[in-house]
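Accompanying notes for the structure given below.
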Amino acid sequence: MHRFMFGFLIVLLFLGLISCENKPAPAPKAETQAKPAAPELPADDPFLELIKKADTCKPKDHRCVELLELKKFMASYKGYDKTQLLMGLKATQNPNVKGELIRRFKAQVTDEILPDLEPYATDRDFLLRQAAQDTIGFRGTDKGLTLLVSLLDNKEYSETIRTTVPKILARFPEHPVVVNALPKLKDMAQTSVQGWGRLEAMVAVSKIEKEKAIPFLLSIAEKDQWVTVRVRAIQKLGLYYSDETAKKGLKKLSRDKDAKVKKAAEKALTGEYEKKAKKREEKKHRFRPTLRPAEQGNSPSQPATP
């Protein structure tokens, strides 16, 4: 019996050794590579020094000497790029300084750093978020315009977050992202609690749809509660004063009780607004600046202008 048990154990041991030999060796663990540290400006860099000094300015002091010195330096020095922009934003907490940095590096901003600018597009400080929104939409890229369109749903701070967005979108009236935003723009033009927001959204709709927007513009001109919006809608209708629908509506508005509305409608019927618009376009094309290489990459449908 003992011999049998001893033999059985020898067989089990032999089989175990064979299975260990056939078992593949564990793969060596890959060495984890440390994520490269974000680049830092040298401590003695004049750009960083000026940012630190400007950071001491009061948030509402736009004439602060240190801030003006920083602006002067950025206007004259051409050696920095978007990397320095991100470093500079990290080095300051002052909204004025952040806004100036974003405006200065607008031409160098590409899609890859839009996520870094996105938080500033909804900042409480008006000038900072305006600078961020304008920079995000500067090149008219799909990513930048899509980000701006998403802000049309933002009604924070009494809807002031989205007030300036339609004006930026209107620079690219043929871009598919902007065209697809028409329902949001029309809703904003009719329902926003901000008068300037309604006005800018209405203007954007008129630039996108052109003469197709005539019925919409007539509705705004007749119904909006702020006379400034009504007059602006009439001015846009004046671009199509020879259209029968527009002409009929303008004649009705020329008999409006509000003196400003009445006067604007009378001017529109004479073609005055159309003539002024043509002169502005001629002047714009005559003096349109040539973009530097770093500013190229705009939408082919509508070049961005600084």
Q: Would you list the pairs meeting side chain to side chain donor-acceptor pair (under 3.5 Å) in which at least one residue belongs to residues 197-208, sequence neighbours left out?
A: Arg198-Asp224
Q) How many angstroms lie between CG in Leu250 and NZ in Lys252, if you round to the nearest 0.5 Å? A) 12.0 Å
Q. Can you check whether Asp243 reaches Leu237 side chain to side chain, under 4.5 Å on heavy atoms?
A. no
Q | Verify same cluster id: Met74, Val65 (apolar side-chain graph, 4.5 Å) | A | no
Q) Just how far is it from atom OG1 of Thr146 to atom CG of Leu151, taken to the nearest 0.5 Å? A) 11.0 Å
**Q.** Pi-cation contact, Phe105 with Lys82 (under 6.0 Å, within 45°)
**A.** no
Q.
Show the nearest heavy-atom pair for residues Ala233 and Leu217, with the distance to one decimal.
A. CB-O, 3.8 Å
Q. Can you get from Leu127 to Tyr120 by hopping between Ile, Leu, Val, Met, Phe, Trp and Tyr side chains that sit under 4.5 Å apart?
A. no
(Q) Set out, in order, the CA-CA distance, both residues' side-chain angles and the distance that settles side chain to side chain contact (heavy atoms under 4.5 Å, CB included) for Glu209 and Lys186, then state yes or no. (A) CA-CA 11 Å; Glu209 288 197 317; Lys186 287 184 175 181; 3.3 Å; yes
Q: Can you see which heavy atom on Cys64 is nearest to which on Glu66, and at what distance?
A: SG-OE1, 3.1 Å
Q) Heavy-atom distance under 4.5 Å between the side chains of Leu128 and Ile102, does that happen here? A) yes
Q.
I want to check something: taking the side chain as every heavy atom from C-beta on, are Asn180 and Val149 in contact at a cut-off of under 4.5 Å?
A. no
**Q.** Distance-only polar pair, side chains of Ser254 and Glu266, donor-acceptor under 3.5 Å
**A.** no
**Q.** Main-chain N/O of Ile168 paired with Asp134 side-chain donor or acceptor, under 3.5 Å
**A.** no
(Q) I'd like to know if Glu69 pairs up with Lys72 as an ion pair, taking the criterion as any Lys NZ or Arg NE/NH1/NH2 lying under 4.0 Å from an Asp or Glu carboxylate oxygen. (A) no
Q: Determine yes or no for a side-chain-to-main-chain donor-acceptor pair under 3.5 angstrom, with Arg139 supplying the side chain and Val109 the backbone.
A: yes
Q) Looking at CG of Leu239 and NZ of Lys278, how far apart are the two atoms once the value is rounded to the nearest 0.5 Å? A) 10.0 Å
**Q.** Closest non-hydrogen atom pair, Ile161 against Ala121
**A.** CG2-O, 4.2 Å
Q | Considering all heavy atoms, the nearest Ala131-Arg103 contact | A | CB-NH1, 3.2 Å
(Q) Strictly by side chain to side chain donor-acceptor pair (under 3.5 Å), give each pair with a member in residues 211-221 just once, sequence neighbours left out. (A) none
Q. With side chains defined as the heavy atoms from C-beta onward, is the minimum distance between Ile220 and Gln190 less than 4.5 Å?
A. yes
(Q) Test of understanding: clusters of I, L, V, M, F, W, Y form through side-chain heavy atoms closer than 4.5 Å, transitively. Do Leu86 and Leu147 belong to the same one? (A) yes
Q: Would you indicate whether the side-chain heavy atoms of Phe47 and Met87 approach each other to under 4.5 Å?
A: no
Q: Please say whether more than 12 non-hydrogen atoms of neighbouring residues, nucleotides or ligands are located less than 6.0 Å from NZ in Lys53.
A: no
Q. Between Ser192 and Ala189, is there a donor-acceptor pair closer than 3.5 Å when you use the side chain of the first and the backbone of the second?
A. no
Q) What distance separates Lys143 NZ from Thr141 OG1, expressed to the nearest 0.5 Å? A) 8.5 Å
**Q.** Short side-chain to backbone donor-acceptor contact, Thr135 and Ala132, under 3.5 Å
**A.** no
Q) How many angstroms lie between atom NZ of Lys106 and atom CG of Leu117, to the nearest 0.5 angstrom? A) 12.5 Å
Q: Please report the C-alpha distance between Tyr240 and Lys247 in whole Å, then the side-chain angles of each, then the deciding distance to 0.1 Å, and finally whether the side chain to side chain contact (heavy atoms under 4.5 Å, CB included) criterion is met.
A: CA-CA 8 Å; Tyr240 314 107; Lys247 187 182 295 184; over 6 Å; no
Q: Test side chain to side chain contact (heavy atoms under 4.5 Å, CB included) on Arg232 and Val203 and set out the steps.
A: CA-CA 8 Å; Arg232 192 75 176 97; Val203 171; 4.0 Å; yes
Q. What's the spacing between Arg104 CZ and Phe73 CZ if we round to 0.5 Å?
A. 9.5 Å
Q: Identify the heavy atoms of Pro59 and Asn96 that sit nearest to each other, and give their distance.
A: O-ND2, 2.5 Å
Q | Main-chain N/O of Lys262 paired to Asp256 side chain as donor or acceptor, under 3.5 Å | A | no
Q. Would you find more than 12 non-hydrogen atoms of other residues, nucleotides or ligands less than 6.0 Å from Lys251 atom NZ?
A. no
**Q.** From CA spacing to verdict: side chain to side chain contact (heavy atoms under 4.5 Å, CB included), Trp226, Trp196
**A.** CA-CA 10 Å; Trp226 190 27; Trp196 285 114; 3.6 Å; yes
Q | Shared hydrophobic cluster for Leu218 and Tyr241 (ILVMFWY, side-chain gaps under 4.5 Å) | A | yes
Q: Return yes if a side-chain donor-acceptor contact under 3.5 Å exists between Gln133 and Thr164, otherwise no.
A: yes
Q: Work out which heavy atom in Leu70 is nearest to a heavy atom in Leu50; give both atom names and the distance.
A: CD1-CB, 3.9 Å
**Q.** Ionic contact status for Glu272 with Lys276, cut-off 4.0 Å
**A.** yes
Q. Please walk me through it: do Arg129 and Thr160 pass side-chain hydrogen bond (donor to acceptor under 3.5 Å, both in side chains)?
A. CA-CA 10 Å; Arg129 70 170 179 263; Thr160 55; 3.0 Å; yes
Q.
When you measure from the side chain of Asp187 to the backbone of Pro183, do you find a donor-acceptor pair of N or O atoms at a distance under 3.5 Å?
A. no
Q. Counting distance only, does the side-chain N/O of Thr92 pair as donor-acceptor with the main-chain N or O of Leu89 below 3.5 Å?
A. no
Q) Are the side chain of Asn94 and the backbone N or O of Cys57 linked by a donor-acceptor pair below 3.5 Å? A) yes
Q. Can any side-chain N or O of Lys184 pair as donor or acceptor with the backbone N or O of Leu152 at less than 3.5 Å?
A. no
**Q.** Beyond-backbone contact of Glu100 with Pro95, side-chain heavy atoms, under 4.5 angstrom
**A.** no
Q.
Quick check on the hydrophobic clustering: are Val165 and Tyr157 connected, directly or via other members, by side-chain heavy-atom contacts under 4.5 Å?
A. no
Q: Give a yes or no on whether the backbone of Lys52 and the side-chain of Thr56 come within a donor-acceptor separation of less than 3.5 Å.
A: no
Q) Are the side chains of Leu68 and Arg63 in touch, meaning some heavy atoms are under 4.5 Å apart? A) yes
